[in-house]
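Everything on this sheet refers to the single structure shown next.
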Number of protein chains: 2
Amino acid sequence: MEINEALAALRALAQPTRLALYRLLVPAGPTGMAVGELAEQLSVPHSTLSAHLGVLRAAGLVLDTREGRSIRCRADFGRMDALLAYLSENCCAGHGACAPLRTCSTLFPPGAAARAPLPRVRQRR
Amino acid sequence: MEINEALAALRALAQPTRLALYRLLVPAGPTGMAVGELAEQLSVPHSTLSAHLGVLRAAGLVLDTREGRSIRCRADFGRMDALLAYLSENCCAGHGACAPLRTCSTLFPPGAAARAPLPRVRQRR
DNA sequence: CATATGATTCGATTATTCTAGAAATATGGA
DNA sequence: TCCATATTTCTAGAATAATCGAATCATATG
């Protein structure tokens with residue numbers, strides 16, 4: 001990861017609604033949640049939520065798939081892993097003593113959602 | 001860690017100068033760097049740097065100690081660990097399958113600087 | 001095609017953050 | 001004490017971000 005990607009990810013998470021939004025998606029795993037479901041749980045107007053979601057998407061932290069009229073969002077754990085690694089880079093004065101960071105991105109690799117027991121859908125855009 | 005602490009830490013890191021500042025402190029380890037040294041390396045006016053440093057300190061990411069006329073700053077790795085853990089909390093839909101996150105805070109516990117400073121990381125001038 | 005539903009874009013407004021010069025504070029030494 | 005060095009605080013203008021209603025777009029279905 002390079003600095004501008006890290007900054008985009010940090011800026012995206014550094015806002016109450018967006019952090020709550022992201023943290024709602026974390027336990028939802030590769031199944032994710034629909035946009036309307038998120039707006040309802042967070043009690044935020046749709047236009048406001050949509051703007052926040054746009055920031056998270058632009059930062060690469062959230063991916064989505066259209067399912068009929070609704071859009072299902074999920075956290076991109078690989079991207080979060082990259083951010084966590086970036087934040088600890090060159091730690092230990094380069095002695096290489098830090099254990100590698102790991103999250104469930106290993107357990108739910110990209111594509112897991114498509115293979116999961118969910119209706120077949122196509123990518124947006 | 002609770003949400004407001006996480007937000008403060010994320011806001012603190014979500015700014016180019018402050019992220020660069022923090023990343024300068026990471027390889028410096030428990031020895032840290034003086035404020036003036038940081039300002040010089042970042043080519044930022046002292047008042048601007050001081051303001052940014054204040055944000056990082058308020059977020060608990062940077063600790064400092066006065067040494068005569070100068071103030072020596074160092075990254076608080078424990079705080080960063082807590083932030084990283086917060087960002088992956090409830091991952092894996094609560095299956096507890098995520099490996100625990102770990103950084104060198106275990107290797108350099110609080111107080112390490114005073115007792116046993118490591119050899120200084122080479123700095124560019 | 002007409003209509004309903006889910007989501008985004010467009011605006012204007014309000015709020016927050018960044019920046020850096022000048023002044024102030026803290027420490028050490030002659 | 002007086003002076004030099006290191007850092008912070010104060011200030012205010014400039015830049016950026018958040019908010020949300022109304023309009024618009026995309027899709028499904030009768």
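No hydrogens, no waters, no symmetry mates; every other heavy atom, side chains included, goes into these values. Numbered from 1 within each chain, the chains take letters A, B, ... in sequence-line order.
- When distances are taken from the side chain of A/Arg66 to each of C/dC18, D/dA26, C/dT9, the shortest belongs to D/dA26.
- For B/Thr48 against C/dA20, a side-chain-to-base donor-acceptor contact under 3.5 Å is present.
- The B/Val35 side chain lies nearest to D/dT8 when the options are D/dA28, C/dA7, D/dT8.
- Defined by atom type and a distance below 3.5 Å, a donor-acceptor pair is missing between the side-chain atoms of B/Thr31 and B/Arg72.
- The hydrophobic clustering, which links ILVMFWY residues whose side-chain heavy atoms are closer than 4.5 Å, places A/Leu49 and A/Val26 together.
- The cluster map of Ile, Leu, Val, Met, Phe, Trp and Tyr, joined by side-chain heavy atoms under 4.5 Å apart, puts B/Met80 and B/Leu10 in the same cluster.
- For the pair A/Leu7 CG and D/dA17 C1', the interatomic distance rounds to 15 Å; values are reported in whole Å.
- Considering only side-chain atoms of A/Ser70, the nucleotide from C/dT8, D/dA17, C/dG6 that sits closest is C/dG6.
- Summarising the geometry, the separation between NE2 on A/His46 and P on D/dT19 is reported as 15 Å, rounded to the nearest angstrom.
- Regarding contacts with the backbone of D/dT19, a side-chain N or O of A/His52 is found under 4.0 angstrom from either OP1 or OP2.
- Partner of A/Val62 under the side-chain contact (heavy atoms from CB on, under 4.5 Å) criterion, chosen from A/Asp76, A/Leu56, A/Val55: A/Leu56.
- A sub-4.0 Å separation between OP1 or OP2 of C/dT25 and a side-chain N or O of B/Arg69 is absent.
- The interatomic distance linking B/Leu38 (CG) with D/dA6 (P) rounds to 14 Å, in whole Å.
- At D/dA17, none of the side-chain N or O atoms of B/Gln15 fall inside 4.0 Å of OP1 or OP2 (strictly under the cut-off).
- Between the CZ atom of B/Arg11 and the C1' atom of C/dC18 there is a distance of 15 Å, given to the nearest Å.
- The side chain of A/Arg57 places an N or O atom within less than 4.0 Å of a non-bridging phosphate oxygen (OP1 or OP2) of C/dT8.
- Straight-line distance from the CD atom of A/Glu37 to the P atom of C/dA7: 9 Å, rounded to whole Å.
- In this entry the distance linking CD of B/Glu40 with P of D/dA6 reads 10 Å, nearest Å.
- A/Arg57 CZ to A/Ser50 OG: the interatomic distance, rounded to the nearest 0.5 Å, is 6.0 Å.
- Across the protein-nucleic acid pair, B/Leu10 atom CG and C/dT17 atom C1' stand 16 Å apart, rounded to whole Å.
- With distances taken from any side-chain atom of A/Pro45 to the nucleotides D/dG21, C/dA7, C/dG28, the minimum falls on D/dG21.
- Protein atom CG of A/Leu56 is 11 Å distant from nucleotide atom P of D/dA18, rounded to whole Å.
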